[in-house]
Amino acid sequence: MTHYVREGRLYHVMLPQQFEEPLMEELFDTADLIKEITRKPNGSGFLKSVLQHKKAMLYFTQPSTRTFLSFLAACQLVGIDTAEVRDPSLSSEYKGESQEDGVRVFSSYFDCIVMRDPKPGFCEYMAYLLDATGRSVPILNGGSGKDQHPTQALLDLYTMHRSFLNRGGLRKKRYAFVGDLLRGRAVRSSVYLLSQFQDLEFHFVAPAAFQIAPDLEDHLKTLGISYQLSEDLELLLPEMDCVYMTRLQDEYDLSGESQLVDYSRYSLDLEKVQKMKQDSIILHPLPRRDEIHPEVDADPRAVYWRQLRNGMYLRAALLLHVFGAAHRLQEY
Ligand code: NCD
């Protein structure tokens with residue numbers, strides 16, 4: 001049996017479906033508090049003392065800049081020591097060791113493993129194997145192929161939550177997800193997470209070949225959530241509260257299918273942004289290519305750089321939760 005929850009707290013963090021609203025609120029409050037403490041005298045020193053006895057392995061065998069650095073910075077904020085494996089050819093896998101044995105080694109040295117791997121389901125499989133050994137440590141999914149990216153979803157919702165604080169929160173808003181929605185795991189996970197909230201309107205704007213996957217449609221239908229599929233971004237822009245942009249995920253192409261798409265229709269420049277509501281927001285998990293022109297960056301609706309920074313606080317909050325240490329912040 002895989003331990004998704006232990007002692008009333010999340011243990012392995014695999015899927016956005018593990019986060020219900022009260023837990024999300026707890027994490028958002030903790031992230032707010034961490035941010036506040038870092039700005040106080042000796043705040044950083046105090047935070048570093050909270051988990052200074054813990055060690056994390058950052059096992060990132062699929063390319064990553066942001067998520068890797070964000071987890072690294074989050075660990076540093078709360079005092080966790082880190083080590084990393086990013087290129088398996090430099091580890092004993094080169095000598096023929098299985099990936100499973102390699103990961104099992106980490107559980108002897110580290111207190112948690114943050115894992116990004118191109119194979120969907122690999123994190124869950126490793127969590128199951130580690131639990132079966134009786135020498136398990138929590139695994140946090142940092143992106144599993146085209147499948148899921150739960151911590152990205154959390155930081156996306158944290159950013160939406162903060163942006164909509166004076167507008168009644170996440171509810172009763174119109175959300176447009178734009179781009180390669182079939183293969184973008186950030187969108188998949190964020191939609192799974194957002195689907196818990198009532199009174200939201202979902203619009204999925206994508207080339208026909210890259211519209212949302214059937215399982216996500218089934219999920220929304222099962223919950224009775226209505227959604228619109230569209231190919232016309234400009235038409236929707238004036239109505240939306242949140243526009244979530246994504247890049248073309250052509251690393252998953254099987255035979256150059258991305259080449260067949262005019263992706264410029266799924267992009268924003270300042271002229272298009274000016275058609276949006278004044279208090280709407282634009283998110284992007286980054287990295288971006290041409291889908292948001294840099295001239296948009298200075299517009300107050302662009303929150304993607306803030307989203308990046310929020311991710312570090314949110315991931316630090318998640319680590320405190322997993323190690324049962326969030327209450328220690330009250331000592332400050
Ligand atoms: C996303 C990812 O890796 O899925 N990036 C990220 O984690 N910040 C989005 C992407 O690569 O397009």
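Note that these values count all heavy atoms, side chains included, but never hydrogens, waters or copies made by symmetry. Each ligand, and each atom within it, is numbered from 1 in the order the structure gives.
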Asker: Would you please name every residue forming a side chain to side chain donor-acceptor pair (under 3.5 Å) with His161, sequence neighbours left out?
Answerer: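 His161: no side chain to side chain donor-acceptor pair (under 3.5 Å) contacts found.
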Asker: Tell me the contacting part of Arg288 for ligand 1: side chain, backbone, both, or neither, using a 4.0 Å heavy-atom threshold, strictly below.
Answerer: neither
Asker: Tell me which protein heavy atom sits closest to atom 11 (O) of ligand 1, plus the residue, atom name and distance to 0.1 Å.
Answerer: Arg247 NH2, 2.9 Å
Asker: With respect to Pro285, determine whether any N or O atom, backbone or side chain, lies less than 3.5 Å from an N or O atom of ligand 1.
Answerer: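 So ligand 1 has an N or O lying under 3.5 Å from an N or O of Pro285.
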Asker: Identify, by atom number and element, the atoms of ligand 1 in contact range of Thr67, meaning under 4.0 Å from any of its heavy atoms.
Answerer: 6 (C), 7 (O), 8 (N)
Asker: Considering the options Leu248, Val187, Val261, which one meets the side-chain contact (heavy atoms from CB on, under 4.5 Å) requirement together with Asp180?
Answerer: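 Going through the options one by one, the only one that passes is Leu248.
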Asker: Are any of the N/O atoms on Leu286, whether in the backbone or the side chain, positioned under 3.5 angstrom from an N/O atom of ligand 1?
Answerer: yes
Asker: Can a cation-pi geometry be assigned to Arg162 and Phe28, taking NZ or CZ under 6.0 Å from the six-membered ring centre and within 45° of the ring axis?
Answerer: no
Asker: So which protein heavy atom does atom 4 (O) of ligand 1 come closest to, and at what separation?
Answerer: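 Ranked first by proximity to atom 4 (O) of ligand 1 is Arg185 NE, 2.7 Å.
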Asker: Can you list the ligand 1 atoms lying under 4.0 Å from a non-hydrogen atom of Arg116?
Answerer: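 Atoms satisfying the 4.0 Å criterion: 3 (O), 7 (O).
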Asker: Which of the atoms of ligand 1 are close to Gln152, meaning less than 4.0 Å from one of its heavy atoms?
Answerer: 6 (C), 7 (O), 8 (N)
Asker: Do any heavy atoms of Gln249 fall under 4.0 Å from ligand 1?
Answerer: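 True for this residue.
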Asker: Which of the atoms in ligand 1, numbered in the order shown and given with their element, are less than 4.0 Å from a heavy-atom of His149?
Answerer: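 Once the distances to His149 are compared, the set is 2 (C), 4 (O), 6 (C), 7 (O).
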Asker: Phe177 and ring pair (Phe, Tyr, Trp, His ring centres under 6.0 Å): which single residue from Tyr192, Tyr244, Tyr266 fits?
Answerer: Tyr244
Asker: Are Asp290 and Ser267 linked by a side-chain donor-acceptor pair shorter than 3.5 Å?
Answerer: no
Asker: Any non-hydrogen atom of Pro287 lying under 4.0 Å from ligand 1?
Answerer: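 Under 4.0 Å: yes for Pro287.
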Asker: Can you list the residues that meet the side-chain contact (heavy atoms from CB on, under 4.5 Å) rule with Gln198, with sequence neighbours excluded?
Answerer: none
Asker: Which of these, Lys172, Arg174, Lys173, sits in a side chain to side chain donor-acceptor pair (under 3.5 Å) with Glu201?
Answerer: Arg174
Asker: Under the criterion side-chain contact (heavy atoms from CB on, under 4.5 Å), which of Glu124, Gln148, Met115 is the partner of Met14?
Answerer: Glu124
